[in-house]
Structures are given as C-alpha cells and as structure tokens.
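Have a look at the structure below, then the notes.
Note that the coordinates shown come from a computational prediction; the quantities given were computed from them, not determined experimentally. Positions are given from 1, in the same order as the sequence printed here.
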Amino acid sequence: MTRTALVLRHVHFEDLGTFALPFEQADYEIRYSDVGDANFPPDHLQDPDLLVVLGGPIGVYEETVYPFLAHEQAFIAARLAARRPLLGVCLGAQLIAAAAGARVFPSGIKEIGFKPLSLTVAGRGSPLRHLEGTPVLHWHGDTYSLPPGATNLASSDVVEQQAFAIGREVLALQFHAEVDCGDGFERWLVGHAAELAAAGIDPAALRRSARTTGPALREAADRMITQWLSGLEDRS
C-alpha cells in the first residue's frame, strides 16, 4: 500500500537526499511543499501518513521576518497533538521542539562540519545506533531545550541536544544524516557560501570531508531511517 510523505522544504538543495530511496522502498510517495509555494503547507494534504520538516538557514524565533514560520509551527503542533508520524531535520527539529513547548535559541557557536555523535543510553537503543562512530554533517548555529516528554538521543562535543524522540512516532535530528555527499554536496557549499565565509570555514576542506565520509554515512543513514520507518509500521 502506497503512503504519502509530505516534505516541507525551506531551501531547494536541502532535500531528502539519501533518505529518498529508503522512503520509496518503504512505499512512501514523496510530495514536496516549498516555502515559496502559494499554499504552504498545502490545504489538500493536511494529514499525510508522514510529515517531514527539513532544514534551512533561518531561526524558529524569526516569525516577524518570516511569517510562514508561525503557520508552519501551528501545522506541526497539530501533528504532535494528533500523535501522527513526524520527522524533523535541523530547522525541522527545532520547529518540532518549539511546537512541543521547548525554547529554541542561538547556541553562540557555528557547528559546521563532519564529526560523530555521542549517543545516550536511549540513543543506543534507538535507530540512531546505526550512526554510532560514523561522522554526520553538523550545520547549525541554534539549539533547543529538550521538550517535555521527549527523550534525548545524542549530543556532540559542543552541543548537548542533537536528537530527540517523542514516543515512537516523532524523531527530531539536529544534524544532517540525509546529506548527499556526492555531487549534490556542491549545492550546499554554493547555497551557504556567505555563511561559510562569515564563519571562516574552508569549503574545500568540507568538500574533502564529504568525499571521505560519504559512503559510510550513506550506508549508516540508510539503516537508521529504514529501521525508524519500520517502527512506524509496527505502531499502526
């Protein structure tokens, strides 16, 4: 049976990346809704089988500058209240945290680059266990407090909150496990060129890290998201 995954996208190059194939293998029809769409999120698809909220270079707290954020957060809050499957990545994770009652705020640092996670005990018992020891892409300057009722799954050496779960149906990832480290990674470097320059980060070094890390990350991320999707089937 084909199910629908509605994917909310904030910048075009931050898409499902390597997650797309496991989604398709799990019989999800992927439908993107972009911030620039006239109807965001779409009225005709208010209750997809799975909602995915992707990353973007803005802050959850910037609703005055980006009014769509308030609408998007309300959409996510309704999803949480209904206990429907929900996946967030980076900004998406922060939007879920805010919708669940947590505070989202600047961390004071730019955590950009590839490095492994430190999993909590709960994280080692979750689908994130497949990522242990494998560098993932960190690309954020904001963080969040752990929402009420959520379980912290991972941290890094500089940011305590890197992933959380709420029950089996909600997974929020502050980092990027989905990133395409092949030719698709060049779009990230170009799209975030100003941020990289301001942070003093060498795009060539990031490109080299992506090439070195890419194969192992793709394999680990595939196993991680496949297990999580399978858990949604067990829940139904």
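For Gln25, the CD atom is densely surrounded, since the number of other residues' heavy atoms within 6.0 Å is greater than 12.
Between Trp139 and His192, the distance from one ring center to the other falls under 6.0 angstrom. In this structure, Phe175 has its ring center no closer than 6.0 Å to that of His140.
Looking at Asp49 and Leu232, their side chains never come closer than 4.5 Å, going by heavy atoms from C-beta outward. Looking at heavy atoms from C-beta onward, Leu6 lies out of side-chain contact with Leu50 at the 4.5 angstrom threshold. You'll find the side chain of His130 stays beyond 4.5 Å of the side chain of Glu219, heavy atoms only. Counting heavy atoms from C-beta on, the side chains of Leu119 and Ser126 never come closer than 4.5 Å. For the pair Phe164 and Leu146, the minimum side-chain heavy-atom distance is below 4.5 Å. Considering only heavy atoms from C-beta on, Met224 comes within 4.5 Å of Leu173 through its side chain. Tyr28 places a side-chain heavy atom less than 4.5 Å from the side chain of Leu229.
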Going through the checks in order, is the side chain to side chain contact (heavy atoms under 4.5 Å, CB included) test met by Asp222 and Thr18? CA-CA 7 Å; Asp222 185 288; Thr18 64; over 6 Å; no

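Residues Gln162 and Ser155 have side chains that never bring a donor and an acceptor to within less than 3.5 angstrom of each other. Using a 3.5 Å distance cut-off with no hydrogens or angles, the side chains of Glu111 and Ser156 do pair a donor with an acceptor.
For Thr120 (side chain) and Asn152 (main-chain N/O), a donor-acceptor pair under 3.5 Å exists by modelled atom type. In this structure, the side chain of Arg3 engages the main chain of Ala26 through a donor-acceptor pair within 3.5 Å. A donor-acceptor pair is defined here as one N or O able to donate and one able to accept, closer than 3.5 Å; no such pair exists between the side chain of Thr226 and the backbone of Arg223. Looking only at distances, no side-chain donor or acceptor of Arg83 sits under 3.5 Å from a matching main-chain atom of Glu169. Proximity of a side-chain donor or acceptor of Arg84 to a complementary backbone N or O of Pro48 within less than 3.5 Å is detected. Formation of a donor-acceptor pair under 3.5 Å by the His71 side chain with backbone atoms of Phe40 is found in this model. Without hydrogens or angle criteria, His10 side chain to Gly55 main chain gives a donor-acceptor distance under 3.5 Å.
Gln73 is linked by a side-chain hydrogen bond (donor to acceptor under 3.5 Å, both in side chains) to nothing, counting only residues two or more places apart in sequence or in another chain.
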Residues 88-106, side-chain donor-acceptor partners within the protein, below 3.5 Å, at least two apart:
| residue | atom | partner | partner atom | Å |
| --- | --- | --- | --- | --- |
| Gln94 | NE2 | Gln174 | OE1 | 3.0 |

List the atom pairs, with distances to 0.1 Å, where a side-chain N or O of residues 30-37 and a protein N or O form a donor-acceptor pair under 3.5 Å, not counting sequence neighbours.
| residue | atom | partner | partner atom | Å |
| --- | --- | --- | --- | --- |
| Arg31 | NE | Glu29 | OE2 | 3.3 |
| Tyr32 | OH | Leu16 | N | 3.1 |
| Asp34 | OD1 | Arg9 | NE | 2.6 |
| Asp34 | OD1 | Arg9 | NH2 | 3.4 |
| Asp34 | OD2 | Arg9 | NH2 | 3.1 |
| Asp37 | OD2 | Asp34 | N | 2.8 |

Side-chain donor-acceptor contacts of residues 60-69 below 3.5 Å, not counting sequence neighbours, with atom names and distances?
| residue | atom | partner | partner atom | Å |
| --- | --- | --- | --- | --- |
| Tyr61 | OH | Asp142 | OD1 | 2.8 |
| Tyr61 | OH | Asp142 | OD2 | 2.9 |
| Glu62 | OE1 | Gly59 | N | 2.5 |

Under 3.5 Å, which donor-acceptor pairs link side chains of residues 183-191 to any protein atom two or more places apart or in another chain?
| residue | atom | partner | partner atom | Å |
| --- | --- | --- | --- | --- |
| Glu186 | OE1 | Arg207 | NE | 3.0 |
| Glu186 | OE2 | Arg207 | NH2 | 2.7 |

Donor-acceptor list for residues 208-216 side chains, cut-off 3.5 Å, not counting sequence neighbours:
| residue | atom | partner | partner atom | Å |
| --- | --- | --- | --- | --- |
| Ser209 | OG | Ala205 | O | 3.2 |
| Thr212 | OG1 | Arg208 | O | 3.1 |
| Thr213 | OG1 | Ser209 | O | 2.9 |

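Between Leu217 and Cys181, the closest heavy-atom pair is CD2-SG, 4.2 Å. What you find for Ala122 and Thr151 is that their closest heavy atoms are CB-CG2, 3.5 Å. The two residues Ile109 and Val159 come nearest to each other via the heavy atoms CD1-CG2, 4.1 Å. Across all non-hydrogen atoms, the minimal contact from Asn39 to Asp43 is ND2-N, 2.7 Å.
Transitive grouping of hydrophobic side chains (ILVMFWY, heavy atoms separated by less than 4.5 Å) keeps Leu8 and Phe23 in distinct clusters. One hydrophobic cluster, built from ILVMFWY side chains closer than 4.5 Å, cannot hold both Ile58 and Leu54; they sit in different ones. A single hydrophobic cluster is not seen to contain both Val158 and Tyr144; linkage of ILVMFWY side chains at heavy-atom distances under 4.5 Å, directly or through other members, places them apart. Both Leu80 and Val53 sit in one connected hydrophobic cluster of ILVMFWY residues. Membership requires side-chain heavy atoms under 4.5 Å apart, directly or through other members. The hydrophobic clustering, which links ILVMFWY residues whose side-chain heavy atoms are closer than 4.5 Å, places Val179 and Leu117 together.
To the nearest 0.5 Å, the span separating CG on Leu86 from CG on Leu171 amounts to 9.0 Å. Separation of atoms CD (Glu24) and OG1 (Thr2) is listed at 11.0 Å; rounding is to 0.5 Å. Leu128 CG to Trp228 CH2: the interatomic distance, rounded to the nearest 0.5 Å, is 11.5 Å. The distance from the CD atom of Glu160 to the OG atom of Ser118 is 11.5 Å, given to the nearest 0.5 Å. Between atom CZ of residue Arg124 and atom CG of residue Leu131 there is a gap of 13.0 Å, rounded to the nearest 0.5 Å.
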